[in-house]
Novice: 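Dumping the structure here so I can ask a few things about it.
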Amino acid sequence: MKRIYTLLIIAFIASPSASGQGFLKKLGKKAQEISKSVLGEDEKKEAVQEEEATFDMPTEDSMYATDTHGDEASSPQAPKLGSTDPNAPRILTFALGEEQGIIDHKNGKIEITVSQTFDFEHVVPVYTTGGSGDITGVPASGKLLKADSDPYFTVRDSKGRTCVYEVVLHIRGMDRKNIRPGIKQGTLRMVNSMQGGYPDVRITYYFDNYGQQFAMIYDIGAGMICDYTNGKLIVLNAVKNTESLRKEVLNATDLRINELKSFEKELEDALKNGPKDMEHVYEIHENLDLAGKLACPFISDFEAMPEQLLARSNGRRLPGTTTIAGKPCVAFEFRDPESGMAMTYYSWKNISFGGGMKGVVYGRVESFSESVPAGIFGVPKGYRPLAEYQKEVDAITKEGDKTLRKHTEPFMNLPEMQALKEFYIEYSKELNGHGPEEEK
C-alpha cells in the first residue's frame with residue numbers, strides 16, 4: 001500500500017498575503033483577484049495525500065489561495081520563459097526609476113524591488129539589450145505601461161530569435177518572509193468555520209523567537225512544525241492504526257466486506273467527535289528553504305501595507321480598533337466592486353487574528369497568550385516515524401494479498417475465467433507488444 005490514509009488537512013482560512021510580488025497585469029485589478037478567490041469563485045477542494053517516500057515542498061502560492069501575488073506563470077496564457085537558443089538576444093539591464101533589476105537569463109526572470117512609495121500609476125521600465133542585428137523589445141523600453149499590462153518582456157532579433165522574461169516586482173519591506181510578529185512568542189487558538197454543513201476546524205498556532213520557530217497543530221493531531229533558522233520541517237499525520245487497518249484488510253480478503261466509510265466521512269467524524277482507531281506519525285525534512293517557500297500562515301502583512309496598495313486591492317483600513325482576545329486589533333476590509341460583498345480581517349502586531357465573511361467562511365480567535373508550552377517545537381509524545389508505520393502497513397497488505405489469492409484461486413481456475421485470462425493476455429500483447437507478466 002503505497003499511500004497511507006491521513007487526516008492532515010490544510011487550513012482553509014488564512015489572512016491573504018499582500019506582499020507586492022507579481023507585476024503590473026494585476027496591480028490594477030488586485031481587488032478582483034482578492035474578492036474572486038476569497039468569496040468563493042476560485043475555491044478548490046484539495047485532497048491531501050502523503051506518498052510513502054516522497055515529499056514536495058509546497059510553495060507559498062499553493063498555501064495561500066487568496067494571495068495577491070501575480071499568477072501569470074501558472075496561467076495557460078503564460079509564455080515559455082527564457083530561450084533555448086544561445087544566440088537569442090538578451091536584456092542586459094532593467095530599471096524602474098533608480099531601482100535596478102536582477103536578471104536571470106536561464107529562467108527568464110527579472111526581479112526588482114521598489115519602495116513602498118513607488119508610483120504604480122507611472123511605470124516606465126528602461127532596459128538595454130544585447131545580441132546581433134536589429135533588436136526590438138515588447139513592451140518597448142522607456143514607454144509608460146498600463147496598469148493591466150502583462151509582466152512579460154520579449155526581445156526579438158532580425159532572425160526571429162526571441163527571449164522572454166517575466167518581471168517579478170517586490171515592495172521593499174513587504175516580503176512575507178521579512179515580516180515578523182511584534183512580540184517574541186505566543187499561542188493562538190483558532191476555530192475555522194465554513195458554510196455548507198462542514199464541521200468546525202480547531203487549530204492552534206505556536207511561535208517563538210519572533211516566528212523563527214512555528215507550529216500549527218489541528219485538534220486531530222495533524223499539522224506541521226517549522227524551524228525557519230535551520231530549514232527543518234516536521235510533518236505530523238493522523239492515520240488509521242494498524243490493528244484497525246488489519247481488521248479491514250482481512251475482512252476484505254476473506255470476502256467479508258463491510259460498509260467502508262469514505263475518507264471524507266472519516267474526516268468529518270474525526271473533526272466532530274475526535275479521532276477513533278487512529279494513531280499519529282511524523283516525518284522530518286531538513287535543509288529546506290522554508291522562509292522562501294512556506295511563510296508562516298498566522299503572520300499578517302496588512303499592517304505593513306501602504307495605503308495606496310490597499311486601495312489598489314479595493315481594501316481599506318477601518319477606523320479605530322476591535323478588541324479580540326484582549327488585544328486591540330486593526331480591521332481591514334476588502335470589498336468586491338461588482339457584488340459589493342466584503343470580507344474583514346483582523347491583525348495585531350502583524351499577527352492574524354481571524355476574520356473573513358461570517359456565515360460563509362470565517363476564522364474566530366478562541367484565545368491568545370504571550371507564551372508557549374515547553375517542548376512544543378519537537379516531535380510530540382506518542383508519535384512514531386512514518387516509515388515504521390508504513391512498513392507495518394506494507395506487511396498487512398502483503399498478508400492480505402496472499403489470503404485474497406487463496407480465496408479466489410478456485411474461482412480463477414474456472415474455464416470461463418481461464419478464457420477471459422487468455423483474452424487479456426492476447427489483448428495485452430497486441431496493445432503493448434508483450435504479455436502482462438512480462439512488464440518490467
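Quick caveat: nothing in here was measured; it's all calculated off a predicted structure.
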Novice: Identify the heavy atoms of Ile112 and Gly101 that sit nearest to each other, and give their distance.
Specialist: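 Between these two residues, the closest heavy atoms are CD1-N, 3.8 Å.
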Novice: Any donor-acceptor pair under 3.5 Å linking the side chain of Thr162 with the backbone of Val155?
Specialist: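 Side chain of Thr162 to backbone of Val155: no pair is present.
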Novice: Taking the side chain as C-beta and beyond, is there a heavy-atom pair between Val191 and Tyr362 under 4.5 Å?
Specialist: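 Contact flag for Val191/Tyr362 side chains = no.
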Novice: In this structure, is the centre-to-centre distance between the rings of Phe153 and Phe94 below 6.0 Å?
Specialist: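 Ring centroids of Phe94 and Phe153 are less than 6.0 Å from each other.
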Novice: Within the 4.5 Å heavy-atom criterion, are Thr154 and Pro79 side-chain neighbours or not?
Specialist: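 Of all side-chain heavy-atom pairs linking Pro79 with Thr154, none is under 4.5 Å.
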Novice: List the atom of Gly221, the atom of His280, and the distance in Å for their closest heavy-atom pair.
Specialist: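 Scanning both residues completely, I find the closest heavy atoms to be CA-NE2, 3.6 Å.
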Novice: Step through the shown structure and confirm whether more than 12 heavy atoms of other residues, nucleotides or ligands are within 6.0 Å of CD1 on Ile102.
Specialist: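 Count not over threshold, so no.
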Novice: Within the distance-only criterion (no hydrogens, no angle test), does the side chain of Ser141 pair as donor or acceptor with the backbone N or O of Tyr127 below 3.5 angstrom?
Specialist: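 Yes.
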Novice: Give a yes-or-no answer on whether the side chains of Gln212 and Asp208 include a donor-acceptor pair shorter than 3.5 Å.
Specialist: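 The criterion, which ignores hydrogens and geometry beyond distance, is not satisfied for Asp208 and Gln212.
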Novice: Measure from the side-chain N and O atoms of Asp227 to the backbone N and O of Thr229, and report whether any donor-acceptor pair falls under 3.5 Å.
Specialist: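 Checking the backbone N and O of Thr229 against the side chain of Asp227, a donor-acceptor pair under 3.5 Å is found.
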Novice: Identify the two heavy atoms, one from Met216 and one from Pro297, that lie closest to each other, and give their separation to 0.1 Å.
Specialist: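 So the minimum-distance heavy-atom pair works out to SD-CG, 3.9 Å.
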Novice: Quick one: does Asp104's side chain have a donor or acceptor within less than 3.5 Å of a partner on Lys106's backbone?
Specialist: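 At least one qualifying donor-acceptor pair exists.
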Novice: Which value, rounded to the nearest 0.5 Å, describes the distance between Glu388 atom CD and Thr242 atom OG1?
Specialist: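 The distance works out to 9.5 Å.
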Novice: What distance do Met357 atom CE and Met194 atom CE have between them, rounded to the nearest 0.5 Å?
Specialist: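 CE of Met194 is found 13.5 Å from CE of Met357.
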Novice: Got Met190 and Tyr205 here, is their nearest side-chain heavy-atom distance under 4.5 Å?
Specialist: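 Yes. Closest side-chain heavy atoms under 4.5 Å.
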Novice: Going by heavy atoms in the side chains, are Ile225 and Leu233 under 4.5 Å from each other?
Specialist: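 Side-chain contact under 4.5 Å: no.
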Novice: Output all residues satisfying side chain to side chain donor-acceptor pair (under 3.5 Å) with Glu370, sequence neighbours left out; order by chain, then residue number.
Specialist: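 Glu370 satisfies side chain to side chain donor-acceptor pair (under 3.5 Å) with Lys327 once adjacent residues are dropped.
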Novice: Is there a side-chain contact between Asp301 and Asn350 in this structure, where contact means two heavy atoms from C-beta onward sitting under 4.5 Å apart?
Specialist: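 Result no, sub-4.5 Å side-chain heavy-atom pair not found.
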Novice: Quick check for you: to the nearest 0.5 Å, what is the distance between Phe353 atom CZ and Ser300 atom OG?
Specialist: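 The OG atom of Ser300 is 11.0 Å from CZ of Phe353, to the nearest 0.5 Å.
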Novice: Taking Arg189 first and then Asp219, would you say they form a salt bridge - that is, a charged N and a carboxylate O separated by under 4.0 Å?
Specialist: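 Result for this pair is yes, salt bridge flagged.
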Novice: How far apart are the C-alpha atoms of Glu392 and Arg384, what are their side-chain angles, what is the distance that settles it, and do they pass the salt bridge (Lys or Arg N to Asp or Glu O under 4.0 Å) test?
Specialist: CA-CA 12 Å; Glu392 293 181 16; Arg384 62 169 171 154; 2.8 Å; yes
Novice: side-chain contact (heavy atoms from CB on, under 4.5 Å) for Arg317 and Val330? Distances and angles first, verdict last.
Specialist: CA-CA 7 Å; Arg317 179 172 178 154; Val330 181; 3.2 Å; yes
Novice: How close do Pro139 and Leu145 get, heavy atom to heavy atom, and via which atoms?
Specialist: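 Smallest heavy-atom distance, with atoms named: CB-CD2, 3.7 Å.
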Novice: Measure the shortest side-chain to side-chain distance between Ser244 and Met278 over non-hydrogen atoms and say whether it is less than 4.5 angstrom.
Specialist: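 No - every pair of side-chain heavy atoms lies 4.5 Å or more apart.
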Novice: Step by step, would you call Leu245 with Lys247 a side-chain contact (heavy atoms from CB on, under 4.5 Å)?
Specialist: CA-CA 5 Å; Leu245 185 61; Lys247 290 179 181 179; over 6 Å; no
Novice: Please assess Glu99 against His170 for the test side-chain contact (heavy atoms from CB on, under 4.5 Å), listing each intermediate value before the final yes or no.
Specialist: CA-CA 11 Å; Glu99 307 288 357; His170 300 274; over 6 Å; no
Novice: Just so I know, are the side chains of Cys163 and Ile91 near enough to count as touching, which here means a heavy-atom distance under 4.5 Å?
Specialist: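 No. Closest side-chain heavy atoms not under 4.5 Å.
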Novice: OG/Ser367 to CD1/Ile324 distance, rounded to the nearest 0.5 angstrom?
Specialist: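 The distance works out to 13.0 Å.
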Novice: Do Glu333 and Arg335 meet the salt-bridge criterion of a basic N to acidic O distance under 4.0 Å?
Specialist: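 Salt bridge: yes.
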Novice: Quick check, are the ring centers of Tyr282 and Tyr383 under 6.0 angstrom apart?
Specialist: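 No, too far apart.
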Novice: Has the side chain of Thr187 got a donor or acceptor atom that lies under 3.5 Å from a matching backbone atom of Ser371?
Specialist: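 Looks like yes, one N/O pair under 3.5 Å.
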Novice: Look at Arg202 together with Glu366 and state whether they make a salt bridge at an N to O cut-off of under 4.0 Å.
Specialist: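 Yes.
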Novice: Are any of the side-chain heavy atoms of Tyr165 and Pro151 separated by less than 4.5 Å?
Specialist: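 No - every pair of side-chain heavy atoms lies 4.5 Å or more apart.
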Novice: Salt-bridge test for Lys349 and Glu303: reply yes if a basic N is under 4.0 Å from a carboxylate O, no otherwise.
Specialist: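 Salt bridge between Lys349 and Glu303, a charged N being under 4.0 Å from a carboxylate O: no.
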Novice: Using 0.5 Å steps for rounding, measure from the CG atom of Leu288 to the NE2 atom of His285.
Specialist: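 Answer rounded to 0.5 Å: 7.5 Å.
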Novice: Might you work through the side-chain contact (heavy atoms from CB on, under 4.5 Å) test for Leu294 and Cys226, ending with a clear yes or no?
Specialist: CA-CA 9 Å; Leu294 194 60; Cys226 302; 4.3 Å; yes
Novice: Search all heavy atoms of Gly354 against all heavy atoms of Val365 and return the closest pair with its distance.
Specialist: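 Smallest heavy-atom distance, with atoms named: N-CG2, 4.3 Å.
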Novice: Please report the closest heavy-atom contact between Gly378 and Ile234, naming both atoms and the distance.
Specialist: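 It is C-CD1, 4.4 Å.
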Novice: If we check ring pair (Phe, Tyr, Trp, His ring centres under 6.0 Å) with Phe214, which of these qualifies: Phe298, Tyr206, Phe207, Phe377?
Specialist: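 One option only clears the test, and that one is Phe298.
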Novice: Describe, in one word, how the ring planes of Phe368 and Trp348 are oriented to each other, choosing from parallel (under 30°), tilted (30 to 60°) and perpendicular (over 60°).
Specialist: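 Because their plane-to-plane angle is over 60°, the rings of Phe368 and Trp348 count as perpendicular.
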Novice: Roughly how far, to the nearest 0.5 Å, is CE of Met224 from CD of Glu283?
Specialist: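 It is 14.5 Å, given to the nearest 0.5 Å.
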Novice: Ignoring hydrogens and angles, tell me if any N or O in the side chain of Asp336 forms a donor-acceptor pair with the backbone of Glu338 under 3.5 Å.
Specialist: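 Looks like yes, one N/O pair under 3.5 Å.
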Novice: May I ask you to check whether Glu279 and Asn241 show a side-chain donor-acceptor distance below 3.5 Å?
Specialist: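 Glu279 vs Asn241: no donor-acceptor pair found between side chains.
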